[in-house]
Amino acid sequence: MQERRFTGEINPSMTGEKATLKGWVHEIRDLGGIMFLILRDREGFAQITFPKKKIDPDLLEVAKRISRESVITVKGTIQEDKRAPNGYEIIPEGITVLNPANSPLPLDTTGKVGAELDTRLDSRFMDIRRPEVLAIFRIRDKVLTTTRNFLNEHGFIEINTPKIVATATEGGTALFPITYFNREAFLSQSPQLFKQIMMGAGLDRVWEIAPIFRAEEHDTTRHLNEATSIDIEASFVDYEDVMVLLEDLIATLYTSVKEGCEKSLSDLGIDIEVPKTPFKRITYTEAIDHLNGMDDPEISEIVWGDDLSAACEHELGRLIGEHYFIIDWPTGSKPYYTRPSRNPEISLSFDLMHPRMELASGSQRIHEVDLLTSRIDAMGLNPDSFEFYLRAFRFGMPPHAGWGLGLERVLMTMLALENIREVVLFPRDMKRVSP
Ligand code: ATP
Ligand code: MG
C-alpha cells in the first residue's frame with residue numbers, strides 16, 4: 001500500500017493502482033445494490049464505492065455503521081468513474097475508523113441545511129469543514145503569502161512591534177485597557193508610532209502584519225474589535241510613492257488569487273476581476289462637491305472638514321465603480337502625524353477605497369519634531385506622554401510615508417462577502433469573545 005494521499009492527488013489515469021486516503025465521512029448514500037461513502041479531506045472529495053455483491057460483507061457492515069463526520073482511513077483500488085468527483089472512485093479493501101463522530105452534528109457540512117452566521121461561528125471547527133468556507137481561508141493564506149513576497153521583493157524588512165503599549169496611538173478612547181502588573185496598559189490599536197520610530201532607526205522600509213485592537217462600539221458588517229493590519233512605512237519617499245506601492249499590491253493580490261486559487265474560487269462560486277492600475281485619485285474637496293450636488297436624502301450637506309459617512313462612501317463607490325483613492329483630506333480630520341501640505345488646512349493623505357468601503361489609510365508623515373509636537377498639542381493630547389516617540393524625531397528622522405491596510409476588508413471585498421466575520425477564523429466583536 002502506498003502512503004496516504006489527498007483526494008486531489010489522485011486522477012483517473014491511476015486506475016488499477018492502490019491508494020490510502022484519510023479524512024472525514026461526508027456522506028453515505030445507500031442505493032440498495034450499491035453504496036457510496038463520500039470521503040472528504042482538505043483537497044476535496046473521493047467516492048468510495050461498495051458494489052454490495054462483490055464487497056466483503058464484514059467491510060460493508062463496518063462502513064454502514066460509521067457515523068457522518070467520523071475520521072477514517074480507506075485503503076483500496078483506484079478506478080476511473082466519470083460520474084464521481086475528480087473522475088475516479090475507490091473500491092475499498094479496508095476501512096479503519098480512527099475516531100467516530102457523535103451525532104447529531106452541530107452543523108450540516110453538506111450545505112443542505114443552512115445555518116445563521118452566529119450558529120456557524122459557535123461551531124467554527126465544523127463550519128470550516130464546508131469547502132466554501134475552507135476556500136476563504138485558503139485564499140486568506142494566499143493573500144498573506146503574496147503580500148509577504150511582494151514586500152520582500154520591494155526591499156521591505158519585516159518587523160514585530162509590541163501589542164502591549166503604554167499610550168494610545170492617536171488619543172481617543174477606542175482602547176482596551178489591561179492590567180499590566182501594577183499599572184494600566186493597553187492593547188495596541190496600530191503599529192504606527194513604532195514603525196515611524198524604525199524610520200529613525202534607519203530601517204528605511206518596514207512592514208508588519210499583525211492584530212490591531214479597537215474598542216470602538218461598532219456593530220457593523222465591516223468592523224471587528226480585533227482586526228489584522230498590513231502596515232508599511234518607508235523613508236525618503238512621498239505619499240504618491242506609497243500609493244503606487246499600495247495599488248500595485250492590490251492588483252498583485254487579485255492576480256495571485258485569480259491564478260493560484262482557482263479551486264477555492266470555484267468552491268465559493270465566484271470569479272474575480274483584477275482591478276486596473278493606476279486607480280483613480282479624487283481629492284476630498286472634489287468628493288464633497290460631488291456629494292453636495294446629489295439629491296440623496298441619506299446624504300446631508302457636508303461641510304468642509306467633516307468625515308465621510310458610510311452613505312457617502314457608497315455614493316462615491318456607485319459613481320466610480322472600482323478601486324479609487326480619496327486624497328488630500330482636511331488636516332483636522334486626519335491623525336496628528338499626518339503632514340500638512342503648503343496649504344496647512346489640507347494634508348498629504350489618502351484613503352484607498354473599494355466601492356463598498358475604505359480599505360486603507362495612509363499619508364506623508366511629519367518628520368520635524370516641533371511641528372509634530374504642536375500638532376499633538378493642537379489635537380488636545382499631551383506631548384509628554386509621546387516622549388518615547390518624539391525622541392526619535394530629534395536625532396535624525398528622515399522624511400517618510402506609509403499606510404495601514406485592513407486584511408479582512410481586502411478579503412471581504414475581493415470575495416464579495418457580506419460580513420467581515422466570514423474571513424476571520426474566530427472573530428472578536430462586541431458580543432463574541434469565544435470560541
Ligand atoms: P473606518 O473609518 O472604516 O472605521 P478607520 O479609518 O478608523 O476605519 P484606520 O485607523 O485608518 O481605520 O485603519 C487602517 C485600516 O485598517 C482601515 O482602512 C481598515 O481597512 C482597517 N481597520 C481599521 N479598523 C478596523 C476595524 N475595526 N475592523 C476591521 N478593519 C479595520
Ligand atoms: Mg482610515
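Worth knowing before you read on, the calculation uses all heavy atoms, side chains too, and leaves out hydrogens, waters and symmetry mates. Atoms within a ligand are numbered from 1 in the order they appear, just like the ligands themselves.
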Undergrad: State the atoms of ligand 1, each with its element, that fall below the 4.0 Å cut-off from a heavy-atom position in G404.
TA: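 Close to G404: 14 (C), 15 (C).
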
Undergrad: Any luck finding a side-chain donor-acceptor pair between T110 and D108 under 3.5 Å?
TA: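 Their side chains do contain a donor-acceptor pair, which is all the 3.5 Å distance test asks for.
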
Undergrad: Tell me which one of E358, M357, Q189 gets a heavy atom nearest to atom 6 (O) of ligand 1.
TA: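 Looking at heavy atoms only, the winner is E358.
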
Undergrad: Is there at least one pair of N or O atoms, one from S229 and one from ligand 1, spaced under 3.5 Å apart?
TA: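 For ligand 1, there is no N or O atom that lies under 3.5 Å from one belonging to S229.
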
Undergrad: So, regarding G406 and ligand 1 (criterion: nitrogen or oxygen to nitrogen or oxygen, under 3.5 Å), is there a contact or not?
TA: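 The answer is yes, given that G406 and ligand 1 share an N or O pair closer than 3.5 Å.
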
Undergrad: Please work out whether any backbone atom (N, CA, C, O) or any side-chain heavy atom from C-beta onward of R222 is under 4.0 Å from ligand 1, and answer side chain, backbone, both or neither.
TA: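 It is both backbone and side chain that touch ligand 1.
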
Undergrad: Counting each atom of ligand 1 from 1 as listed, which ones have a heavy atom of A227 under 4.0 Å away?
TA: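 Near A227, meaning under 4.0 Å from one of its heavy atoms, ligand 1 has 28 (N), 29 (C), 30 (N).
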
Undergrad: Is it true that E422 and R120 have a side-chain N and a carboxylate O under 4.0 angstrom from each other?
TA: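 Looking at R120 together with E422, the answer is yes, because their closest N to O distance falls below 4.0 Å.
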
Undergrad: Please indicate whether Y180 has more than 12 foreign heavy atoms, meaning atoms of other residues, nucleotides or ligands, lying under 6.0 Å from its OH.
TA: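 12 or below, so no.
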
Undergrad: Determine whether the side chains of D328 and Y239 contain a donor N or O and an acceptor N or O closer than 3.5 Å.
TA: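 Yes.
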
Undergrad: Find out whether R130 and T109 are in side-chain contact, i.e. whether some heavy atom of one side chain is under 4.5 Å from a heavy atom of the other.
TA: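 Yes, close enough: below the 4.5 Å cut-off.
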
Undergrad: Mind checking whether L359 has an N or O less than 3.5 Å away from an N or O of ligand 1?
TA: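 Yes, L359 has an N/O under 3.5 Å of an N/O on ligand 1.
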
Undergrad: At less than 2.8 Å, would any N/O/S atom of E358, backbone or side chain, sit next to the Mg ion (ligand 2)?
TA: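 Yes - counting backbone and side chain alike, E358 has an N, O or S atom under 2.8 Å.
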
Undergrad: Checking the N or O distance criterion of under 3.5 Å, is ligand 1 in contact with I420?
TA: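 By distance alone, the answer is no.
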
Undergrad: Which residue and non-hydrogen atom of the protein lie closest to atom 23 (C) of ligand 1, and at what distance in Å?
TA: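 Result for atom 23 (C) of ligand 1: R214 NH1, 3.6 Å.
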
Undergrad: I need the contact type for L352 against ligand 1. Using non-hydrogen atoms and a strict under-4.0 Å cut-off, is it side chain, backbone, both or neither?
TA: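 No part of L352 is near ligand 1 at this cut-off.
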
Undergrad: My understanding is that we take every heavy atom of each candidate and find the minimum distance to atom 25 (C) of ligand 1. Doing that for R409, H218, E313, E216, which one comes out nearest?
TA: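 Of the listed residues, R409 has the closest heavy atom.
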
Undergrad: Kindly check if the number of other-residue, nucleotide or ligand heavy atoms within 6.0 Å of CD (E158) is above 12?
TA: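 Result for CD/E158: enclosed.
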
Undergrad: Considering only non-hydrogen protein atoms, determine which one is nearest to atom 11 (O) of ligand 1 and report residue, atom name and distance to 0.1 Å.
TA: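 Atom 11 (O) of ligand 1 sits closest to the protein heavy atom S361 OG, 3.0 Å.
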
Undergrad: Does any N or O of ligand 1 fall below 3.5 Å from an N or O anywhere on H223, backbone included?
TA: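 Between H223 and ligand 1 (N or O atoms, distance only) the closest approach is under 3.5 Å.
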
Undergrad: For ligand 1, which part of A360 has a heavy atom less than 4.0 Å away: the side chain, the backbone, both, or neither?
TA: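 Looking at A360 and ligand 1, just backbone atoms fall under 4.0 Å.
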
Undergrad: Taking NZ, NE, NH1 and NH2 as the nitrogens, is one of them in R339 or E368 under 4.0 Å from a carboxylate oxygen of the other?
TA: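 Here R339 pairs with E368 in a salt bridge, since their nearest N and O are under 4.0 Å apart.
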
Undergrad: Are F325 and F350 close enough that their ring centers fall under 6.0 Å?
TA: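 So the answer is yes for these two rings.
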
Undergrad: State yes or no: are the ring centers of Y336 and F386 separated by less than 6.0 Å?
TA: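 For Y336 and F386, the ring centres are under 6.0 Å apart.
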
Undergrad: Around atom 22 (N) of ligand 1, find the nearest protein heavy atom and jot down its residue, atom name and distance.
TA: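 Its nearest protein heavy-atom neighbour is I212 CD1, 4.2 Å.
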
Undergrad: Can you confirm if the NZ or CZ of R391 lies within 45° of the ring axis of Y389 and under 6.0 Å from the centre of its six-membered ring?
TA: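 Not satisfied by the 6.0 Å and 45° rule.
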
Undergrad: Which residue and non-hydrogen atom of the protein lie closest to atom 28 (N) of ligand 1, and at what distance in Å?
TA: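 Result for atom 28 (N) of ligand 1: L224 N, 2.9 Å.
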
Undergrad: Between R421 and D118 (salt bridge meaning N to carboxylate O under 4.0 Å), is one present in this structure?
TA: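 Salt bridge absent between R421 and D118.
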
